[in-house]
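Notes to accompany the following structure.
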Amino acid sequence: MPSGPPVRRRDGTAAHPAGTATPDATPPPTTLSEAVCGGHPTGRHQIGPGRGCRGWSAPTQVLLLVSAATPGTLNDSAAERRHQGGSGFGGRRGDRYREAMAEATTPNADDLPQHRYDAALAQEIESGWQARWEADGTFHTPNPVGDLSEGFEAVADRPKQYVLDMFPYPSGAGLHVGHPLGYIGTDVFARYLRMTGHNVVHTMGYDAFGLPAEQHAIATNTHPRKRTEDNIANMERQLRRLGLGYDRRRSVSTTDEAFYRWTQWIFLQIFGSWYDTDLGRARPVAELEAELEAGRIPAEGTNPTGKPWAELDASERRHVVNGHRLAYLAEVPVNWCPGLGTVLANEEVTADGRSERGNFPVYRRPMKQWMLRITAYADRLLEDLELLDWTEAIKSQQRNWIGRSTGADVTFSTDAGPLTVFTTRPDTLFGATYMVVAPEHPLVGALTTDDQRDAVQEYVSAAARRSDVDRQTEGKEKTGVFTGSLATNPVNGESIPVYVADYVLMGYGTGAIMAVPAHDQRDFEFAQAFDLRIVPVIAAPDEHDPLVQAWTGDGVAINSANDEVSLDGRSVAEAKATIIEWLEGKGLGTGKVQYKLRDWLFSRQRYWGEPFPIVFGADGEPQALPESELPLVLPPMEDFSPKTSDDEDSEPEPPLGRITEWTTVDLDLGDGVQSYRRETNTMPNWAGSCWYELRYLDPTNTEALVDPENERYWMGPQSPDDCGGVDLYVGGVEHAVLHLLYARFWHKVLFDLGHVSSKEPFRRLFNQGMIQAFAYTDDRGFYVPADEVVEVDGAYLFEGQPVTREYGKMGKSLKNAVAPDEMCERYGADTLRLYEMFGGPLDQGRPWDTTAVVGMYWLLQRVWRVIVDEGDGPPRVSDDHPDDDTTRLLHRTVAAVRDGMETLRFNTSIARITELTNHLTATYPDGGVPQSVAEDLVLLLAPLAPHIAEELWARLGHEASLTYQGYPTFEEDWLVDASVELPVSVNGKVRSRIVVAADADADALEAAARADDKVAALLDGATVRKVIAVPGKMVNFVVA
RNA sequence: GCCCGGGUGGCGGAAUUGGCAGACGCGGGGGACUCAAAAUCCUCUGCCCUCACGGGCGUGCGGGUUCGAUUCCCGCCCCGGGCACCA
């Protein structure tokens, strides 16, 4: 390890490198094995009396790290610091910030202890250690191979852990205290893992393409790259200040050319493959071409000429192959958002038909756009959820979005030809009394009879005019028109009318349904409105009124038999199986699985995104750019604003299309040099986040997106049934069906093509809660700055006027944001970290309460005082052995703190550390805490409050950072008391307590309980019916 | 409407999952030290009755299982989130 930055003594007289002994001091440990007390990683840091490694303690060993980067602060005396206004306010019970700020200067600062842990000292410690960690590369983690592999052999035997945060969009507003909740959580966990002997990869990057940067750039007339880089720099500064232990060499931004080169490369892999449904995986299109050559029949709809492969020309063949690709161009109904000037994915449109970003209206229109065939993976995306350690909430959202339904396709005959429907209830086929086709159904024209033509045409065009928004807001009243045609029910030969109605959607199933009003509520409502027959075919319970609503529950089939098959008496499940078998035998239908998931609309008409590595030849068919052309760099532009409009019928115009010198290019793609037209759309901002976790593992690799060996080491399956992936992924719940579904899809494509060994990108997902805060409105309903509101006798006042309190998201609009920088200045980053972790389990939302932060500040001050003499600064620990009470509490604390760490319930760890600290201040009011106990306290605290822990560790005589120090361990023997106090209850009510030996058996417990005065009094004269004595738990007497 | 979460003091939250409800912290009350303050420390703080001793009630509500329920079962209520004419 390189030596640290210059180290200053507190009085500024002499500088020594960290851990270097002052002349009159006992030398500090100099070798690694000495310093780590038994040797990390496999060795455990033993606590308790009698362990071999004694700490080193000398009064003159007063080391304080000061940032090398801020030499100006080196000569600040404590007194000077105290006049800078930041100190002296945090420690007064009951103080409010504003009062503290008002008395910026503390009277007679020289009287204050020189070594008090106050805000100024905390910041000095923090910036000093942040600088040293950075200079030492403390959090650099080696890879098995490649550029970052130096030093891997030394850690190769450790278990690995990949701890990941959802990387942020670098917003211009900067962070508020709600943002880093998850980052602090992963940092605490990663630090704990390092101290328990793991090789931990942990870093942070930026998801920087997207609309806000572009919109802001347009507004301020700067290039989005400039804006993005400024925001990233600011965010890095804010995060650095929190002491987050990242391997910064691994940081990436999705907007880096070196990064999006590989985003484009992955797109080419997707474009270059097709989904083989027989094998259930993606394969390169070259293999498809070989199979087509060998006689494979092209997939339905991919060969409009109908000619055999051998007779197709090059362009026609290209068209056939393009129709199979996982990335394809298609004219489909898309979400057109004129207000943003771009199309959007289904996932980016809200339920009421508006854009998730900007809240502009979205219209469905057919347009030719890039699609990714995520539907090919619907089954695997659904099934593999079972392999994941995710919350049920997120899994169910994904299941819901994928929307798998099993049922059957059934074909009815009509005069216009066969009409196929999808149904999940083929068991109710005998109850089908009419049919409905969607207004957009291709058979509508053919089905419509002359006398119905006017009515149908009017209905269809009215439906087309209405946007999805209108259809939704009009409620669920059923409308429709009879087409004039009849269809034949294949199971009973009945003629039933065919209607056109907009409650049937073209985009799901076949766009046509068989209607069973007795057993489907929507069909029931339509049948009521149009006076259609309702034939029950499932026996409903007596209390069900068939005239009020459909019976959709279970039951036995009735009225369901023809000459060949009878469902009568069978359950729903049996009836389904029976009728599907019959339909398949007759060629009238097939069992079918249907999904709600649609293919992913992947193009955007925006500037600030990855350009597609695609060109179009003379035949208009898309072709891949050769890999040698990557990265295809986003060309510079003066005016990159999108063409926005409020006109629903406007046309998308990608900004890149305006750079005529860029849009055409001469290339040789195998047919000699020809002129090609570039794709001018860009990728959606989800592209980079679909794979960034892989790039962290090998950020400098120029040969591959990630070296397979590095991927296998960090993300590969750990056992035969393991899907592999990141060991812990922490982020907000808002990405349940966007990023998390897209990333899984890309990862599975890369898996199929052999680029990764893990089936899933994120093995374990943890959703951190959101920090919310109070906000206040005045009598006009306007928000007032929350930090200027005061509480007086339960009322809230702003500038003397009463205001109304609300509770909501923290942010600019509610004027209730609190910046982490402000907390760092008032208390230090360690206090902020502790406060954020103390609020509750990481997955729970919580209110922000600035007045409560001080509790954690006081805790750190107590910890500091346990170890450091506030007046002169030397450690005030002793070489004494701890007494048994202290040792026992220490072991219990260690056990509980470890448990909290492992379950991500850091709040309980902090509570236990507080208890230990309070015990030490009470037991050793005048100092003299045994050094071994002090060291364990510091190590316990280290993942949570790393700066103060490092500083105390150094002051206790250790040279090396404690980052890789072994975390304290406990011994079971110390967890049990010799005697325990147990409750004694009579008829379930606790009446007394007895003290017995911890291992007392049931008889001994009962005897001790009966001997208790209070219990004896209660039992006197009563009949004891039963005695329950549970050793180690309690005694209960049941009396008459 | 359907699907997921979740309801514990004034507040954030603990409780090894069937065995002392309320750890720890904030807020609040009282006190020590001090000329006074700051800093620090001690102490009380679920609700109700009682001068007190003590007693009663308490984990959203109502039932049930059990010697014993915050924990398990049944039925409701409320809050948060997601989906929503998906056949």
| message | Both distances below 3.5 Å, Watson-Crick or wobble geometry, any strand: find the nucleotide opposite B:G22. | response | none
| Who does B:A15 pair with, Watson-Crick or G-U, both distances under 3.5 Å? | none
| field | Presence of A:Q844 side-chain N/O under 4.0 Å of B:G13 phosphate oxygens OP1/OP2 | value | yes
| remark: Among the nucleotides B:A87, B:C20, B:G5, whichever has the atom closest to the side chain of A:E392 is B:G5
| said: Does A:K478 qualify as a cation-pi partner of A:F526, given the criterion of NZ or CZ under 6.0 Å from the six-membered ring centre and within 45 degrees of its axis? | reply: no
| note | pair_partner(B:G80), Watson-Crick or wobble, both distances < 3.5 Å, evaluates to B:C4
| task | Taking only the side-chain heavy atoms of A:V504 (C-beta and beyond), determine which of B:C20, B:A87, B:A23 contains the nearest atom. | result | B:A87
| task | Examine B:A87: is either OP1 or OP2 under 4.0 Å from a nitrogen or oxygen in the side chain of A:S405? Give yes or no. | result | yes
| query | A:N918 side chain N/O closer than 4.0 Å to the phosphate oxygens (OP1, OP2) of B:G25? | reply | yes
| said: Is the phosphate of B:U40 approached by A:Q861 (side-chain N or O, under 4.0 Å from OP1 or OP2)? | reply: yes
| field | Donor-acceptor pair under 3.5 Å, A:K395 side chain vs B:C4 base | value | no
| Check: A:N1036 side chain, B:C67 base, donor-acceptor under 3.5 Å | yes
